[in-house]
Amino acid sequence: MLDIKFIRENPEIVKNACRVKGFKDYTDDIIVLDARVRELKTITQTKTAEKNKITKEIPTATDKATLIAKSKTIGDEIASDMAELADKEVQLNDLLHRVPQIPHRDVPVGPDDKSNIEVKRVGTPKKTDFTTLAQWDLLDMNGWWAPEKIAQICGTRTYALMGEAAELDLAIQTFVIQKLIAKGFNFVQCPAMTKPQSVFDAGHFMGSDLSVMNNDVFMLTDTDRCLAGTAEIVLNSMHSDEILPESALPIKYAGHSECFRKEAGAAGRDTRGLVRFHEFHKVEQYVYCKPEQSDEMHELLLNNLCEVMEDLELPYRVIANSTGDMGFNKVKMHDVEAWVPSENMYRELGSCSSIGDFQARRTNTRYRENGTNEVKFCATLNNTGIALPRAIVPVIENHQNADGSVNIPKKLQPLMGGRKTIGGKR
RNA sequence: GGACAGAUGGCAGAGUGGUUGAAUGCGACGGUCUUGAAAACCGUUGAGGUCGCAAGGCCUUCGGGGGUUCGAAUCCCUCUCUGUCCGCCA
């Protein structure tokens, strides 16, 4: 959602954003509707003022009946104007919810991921004198999962880590959480079960109809709840309807939650291995800041994830996503991808996004500026801290030994009881 | 799951149909006083919208939505949330 005033004054910028992001352009309709809405507001407000004036005179008037009749007549007029106003406002509101966020000037312009730009590459894939195994072979031989059994019990796109791999998962989570806490992030264990409104307010969906989420979000039958796809959902609403003091910003959260996704658009993709599930878990970085701090915070969040990659001793690269490859609600986005030997390519492990004031408008999260005392919308950003079990994939593949054992990255060793390797032939 | 109670401005807390955007207290901010501070005193202090070059006017808002009425913080319906007791339970 953008400021209607901004759209009114900068239609060309908005139109351009729709074009480069690949969304339908409703700008002209919005401007027409907006003009009519304001016209109707002016009319109804003037009449309401007139009516209020009469109403106030009634208690002390001698001829009450005349005034009451007059007030009634105006009331009827207002009611008919209000009906049109309400209708037009609903229409306008829906269209406003379909306007994408304006991309940052630095974002590469292009229709899809082919226009993405690699901005950084760190580390080199390790050369081995043995044939490296794919994640599933390592998991199989070490007894670290039981995919067929779990699929039978729980259905497709579920998993269970077992033994040392499960320990590793927990160690990685703990490591990242502790790292973020040390950097001043407030650690929050987030519920995954939430209300649809909170999902909508995170701004991942267009329009004003909450049902648009049905394709992507698990709804819980016979309840008013759904399952969040990320801790971002809850963190995004943590300060809704608040006016924060400027001194409180930036606010940094490290959220951890189970994440539930339908993955409806990914049928047949990544069906093997630990990459794509209906339920996984994730440490999420989330920041509220002043708009002018946003770029700096973006770098900070991105850098944190890069550090995690280095702590996990993974070769990785950073991608600047193009206008057509980033979401509806995003200003700027970078993907961090880790090297996966079995696929001979980099695979996405995390995604850093600047949202501008888009989410803050939906949640009505504002701050009061020092000096001017002006109330402004916050900017929000989010980035993956670490996503699991996906992160297990590059860790076990890049650190495998000839016998199928896996070396534990040094920084994780204390969280793994001091062990340097796990698994391998006994 | 059952039975009650409640939701008012930054906070506390009046107000049960008519100049109430809302008493009072606290807090915050500005000022007077003071060498400085405290105290005391005086004043200011929600947000959103709309019209206007501006000054300023007007509209909305007492948890959300709907209704009754000329008029609603006050009456009715409904939803959400909070509290208390019982039941159940990691």
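Basis for what follows: all heavy atoms, side chains included, without hydrogens, waters or symmetry-related copies. The chains referred to below are lettered A, B, ... by the order of the sequence lines, with proteins before strands, and numbering in each begins at 1.
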Sorted by position of nearest nucleotide on RNA chain B, 5' first, the leading residue of A:Glu39 and A:Ser71 is A:Glu39
Review point. Does A:Phe205 have its ring centroid less than 6.0 Å away from the ring centroid of A:Phe200?
Key: no
Self-check item: Verdict with reasoning, A:Arg368 to A:Glu246, per salt bridge (charged side-chain N to carboxylate O under 4.0 Å, His left out)
Solution: CA-CA 6 Å; A:Arg368 193 182 300 279; A:Glu246 183 178 328; over 6 Å; no
If you look at every strand shown and take non-hydrogen atoms under 4.0 Å, does A:Ile58 touch a base, only sugar-phosphate, or nothing?
base
Between A:Phe358 and A:Phe328, is the gap from one ring center to the other below 6.0 Å?
yes
Original post:
Looking at A:Lys41, does any N or O in its side chain come under 4.0 Å of the phosphate oxygens OP1/OP2 on B:C58?
Top reply: no
Considering every strand and a 4.0 Å limit on heavy-atom distances, what is the contact class for A:Lys70: base, sugar-phosphate, or nothing?
nothing
Taking a pair to mean Watson-Crick or G-U wobble geometry with both distances below 3.5 Å, B:A7 pairs with B:U80
Checking N1-N3 plus N6-O4 or O6-N4 for Watson-Crick, or N1-O2 and O6-N3 for wobble, each under 3.5 Å, the partner of B:C41 is B:G31
Does A:Arg361 reach a base, just sugar-phosphate, or nothing at all? Heavy atoms under 4.0 Å. nothing
- Quantified in whole Å, what is the C1' atom distance between nucleotide B:A72 and nucleotide B:G21? 14 Å
- request: Indicate, with a heavy-atom threshold strictly under 4.0 Å, whether A:Thr48 touches base, sugar-phosphate, or nothing.
  value: sugar-phosphate
In Watson-Crick or G-U wobble terms, with both distances under 3.5 Å, the base opposite B:A90 is none
Q. Can you check whether A:Asn52 has a side-chain N or O nearer than 4.0 Å to OP1 or OP2 of B:U60?
A. yes
Would you call A:Asp216-A:Arg261 a salt bridge at under 4.0 Å N-O? no
Does a nitrogen or oxygen in the side chain of A:Lys72 sit under 4.0 Å from OP1 or OP2 of B:C70?
yes
Under a 3.5 Å limit on both distances, the Watson-Crick or wobble mate of B:A47 is B:U60
*Distance check: side-chain N/O of A:Lys195 vs OP1/OP2 of B:U80, anything under 4.0 Å?*
no
- request: Would you tell me if any nitrogen or oxygen in the side chain of A:Arg368 comes within less than 4.0 Å of OP1 or OP2 on B:G10?
  value: no
Separation of B:C51 atom C1' from A:Lys47 atom NZ, nearest Å, is 16 Å
#### Entry: Salt bridge flag under 4.0 Å for residues A:Asp357 and A:Lys290
no
B:G48 phosphate, OP1 or OP2: any side-chain N/O from A:Arg366 under 4.0 angstrom? yes
For B:C51 and A:Arg38 - does any side-chain N or O of the residue sit under 4.0 Å from the phosphate oxygens OP1/OP2? yes
